[in-house]
Amino acid sequence: MEEAWELVRRAKAHDKAAFSQLMKQYGNSMYKVAKAILKEDEDVADAMQETALSCWEKIGTLQTERFFKTWLIRILINHCNAIYRKNRRYILGEVLPEAAAADDAYANVEWMEMLQCLGEKYRIVIVLYYVEGFSVKDISGILKISQSAVKERMSAARKKMEKYYRQGRSGMMYEKNIKVT
């Protein structure tokens, strides 16, 4: 597989094939991050599509090829947040049904359930750190919050997830809608 930075360089020169390959390469990462914010697959798909379009239009503004993934994820998060805010206006506080997990494997279902016990700002930090492998410093830059805020959110999320795990799924059903704030 061609190096990502070389694909980015070619994409910056408006090579559609290189850009398409980048989107395929980072598609799974984009899905995981978007799913951590948005529950509905249709919304996730919309966010990913909008992100791809924005990135194609603005790729010339990317200054350093090696930061492409960070740049891409920041744009994705912005689109996810916009969709989330738009949906929240229409729902007006109704409780949404849980979305089905992307993978039918039990471990993934349990992971998705554990993530759902977290509020959005905690869920995204956990996904960026544990699933996507970003450092605390990178997450700080992506979310535009301090490194100490990232650490605090991770700590609070870990505690909530540990509580969920220790109580088991049946013990957490009554707490399903309680979010870490």
Side-chain angles (χ1 to χ4, degrees), residues 1 4 7 11 16-17 19-59 68-134 138-139 142-144 153-154 157-158 160-161 164-165 168-170 172-181:
M1 179 170 19
L7 287 173
K16 291 179 183 176
F19 186 78
S20 178
Q21 193 168 347
L22 280 169
M23 291 299 104
K24 288 178 187 172
Q25 185 174 335
Y26 292 115
N28 196 33
S29 294
M30 291 171 61
Y31 178 84
K32 290 174 187 174
V33 170
K35 190 70 173 178
I37 298 171
L38 305 167
K39 294 181 181 174
E40 300 297 325
D41 282 332
E42 296 82 18
D43 292 335
V44 170
D46 288 347
M48 290 174 65
Q49 186 175 18
E50 289 295 322
T51 299
L53 180 61
S54 294
C55 287
W56 175 251
E57 291 172 347
K58 298 176 183 176
I59 193 143
F68 177 78
K69 185 177 179 183
T70 302
W71 178 74
L72 172 76
I73 296 299
R74 177 72 248 165
I75 292 170
L76 175 66
I77 290 170
N78 288 338
H79 284 294
C80 288
N81 288 338
I83 291 170
Y84 179 81
R85 283 189 302 271
K86 183 182 90 176
N87 288 346
R88 199 169 71 189
R89 276 187 238 132
Y90 293 117
I91 294 171
L92 300 173
E94 285 182 34
V95 176
L96 295 174
E98 281 191 44
D103 188 346
D104 289 333
Y106 179 76
N108 287 335
V109 171
E110 187 173 26
W111 171 249
M112 291 301 290
E113 286 178 359
M114 286 179 72
L115 285 176
Q116 294 310 311
C117 79
L118 302 174
E120 176 197 342
K121 70 182 185 179
Y122 299 96
R123 192 169 48 241
I124 192 66
V125 169
I126 292 294
V127 170
L128 289 173
Y129 187 80
Y130 288 109
V131 178
E132 295 306 315
F134 284 106
D138 290 340
I139 296 169
I142 290 169
L143 299 178
K144 297 181 180 163
R153 289 180 186 186
M154 286 177 52
R158 285 187 202 116
K160 181 72 173 179
M161 290 173 75
Y164 174 86
Y165 183 76
R169 285 188 290 160
S170 62
M172 279 298 284
M173 290 302 167
Y174 72 94
E175 272 193 282
K176 203 75 156 158
N177 294 320
I178 298 174
K179 303 291 184 201
V180 175
T181 55

Requested in this report: Quick one: which residue pairs count as a salt bridge (charged side-chain N to carboxylate O under 4.0 Å, His left out) with a foot in residues 125-134, not counting sequence neighbours?
Outcome: Lys69-Glu132

Report summary line: Tightest non-hydrogen contact, residues Cys55 and Ile75, listed as SG-CD1, 3.7 Å

Query - Between CZ on residue Phe134 and OG1 on residue Thr70, distance to nearest 0.5 Å - result: 4.5 Å

Requested in this report: Dump the intermediate steps for side chain to side chain contact (heavy atoms under 4.5 Å, CB included) on Lys35 and Asp41, then the final yes or no.
Outcome: CA-CA 7 Å; Lys35 190 70 173 178; Asp41 282 332; 3.0 Å; yes

Query raised in the report: Could you give the distance from SG (Cys117) to CE (Met161), rounded to the nearest 0.5 Å?
Result: 6.5 Å

Query raised in the report: Looking at residues at least two apart in the chain, or sitting in another chain, which of them share a side-chain hydrogen bond (donor to acceptor under 3.5 Å, both in side chains) with Asp43?
Result: Asn87

Report summary line: side-chain contact (heavy atoms from CB on, under 4.5 Å) filter on Ser20, not counting sequence neighbours, yields Lys24

Query - Evaluation steps, side chain to side chain contact (heavy atoms under 4.5 Å, CB included), between Ile77 and Leu128 - result: CA-CA 11 Å; Ile77 290 170; Leu128 289 173; 4.1 Å; yes

Query raised in the report: Is it true that a side-chain atom of Arg153 and a backbone atom of Tyr122 form a donor plus acceptor pair closer than 3.5 Å?
Result: no

Query - ring pair (Phe, Tyr, Trp, His ring centres under 6.0 Å) against Tyr129, all qualifying residues, sequence neighbours excluded - result: none

Requested in this report: Mind listing the closest non-hydrogen atom pair of Ala34 and Val44 along with its distance?
Outcome: CB-CG1, 3.7 Å

Report task. Could you walk me through whether Ile37 and Arg123 pass side chain to side chain contact (heavy atoms under 4.5 Å, CB included), step by step? Result -> CA-CA 7 Å; Ile37 298 171; Arg123 192 169 48 241; 5.6 Å; no

Query raised in the report: Which atoms form the tightest heavy-atom contact between Glu120 and Asn81, and what is the distance?
Result: OE2-OD1, 2.7 Å

Query raised in the report: Which value, rounded to the nearest 0.5 Å, describes the distance between Met23 atom CE and Gln49 atom CD?
Result: 12.5 Å

Query raised in the report: Have Tyr130 and Arg158 got a donor and an acceptor in their side chains that come within less than 3.5 Å?
Result: yes

**Report entry** Residue pair Leu22 / Ala4: nearest heavy atoms and the distance that separates them
**Finding:** CD2-O, 4.0 Å

Query - Nearest-0.5 Å distance, CG of residue Leu76 to CE of residue Met48 - result: 7.5 Å

Requested in this report: Please list, chain by chain and in numerical order, all residues satisfying salt bridge (charged side-chain N to carboxylate O under 4.0 Å, His left out) with Glu50, sequence neighbours excluded.
Outcome: none

Query - Nearest heavy-atom neighbours spanning Leu38 and Ala47 - result: CD1-CB, 4.0 Å

Requested in this report: Measure the OH-OG1 distance between Tyr26 and Thr51 for me, rounded to the nearest 0.5 Å.
Outcome: 15.0 Å

Report task. Using atom types as modelled and distance alone, determine if a side-chain donor or acceptor of Lys160 lies under 3.5 Å from a backbone N or O of Tyr164. Result -> no

Report summary line: Rounded to the nearest 0.5 Å, the CD1 atom of Ile73 sits from the CZ atom of Phe68 at a distance of 9.0 Å

Requested in this report: For Asn78, check side-chain hydrogen bond (donor to acceptor under 3.5 Å, both in side chains) against everything at least two apart and list the hits.
Outcome: Arg74

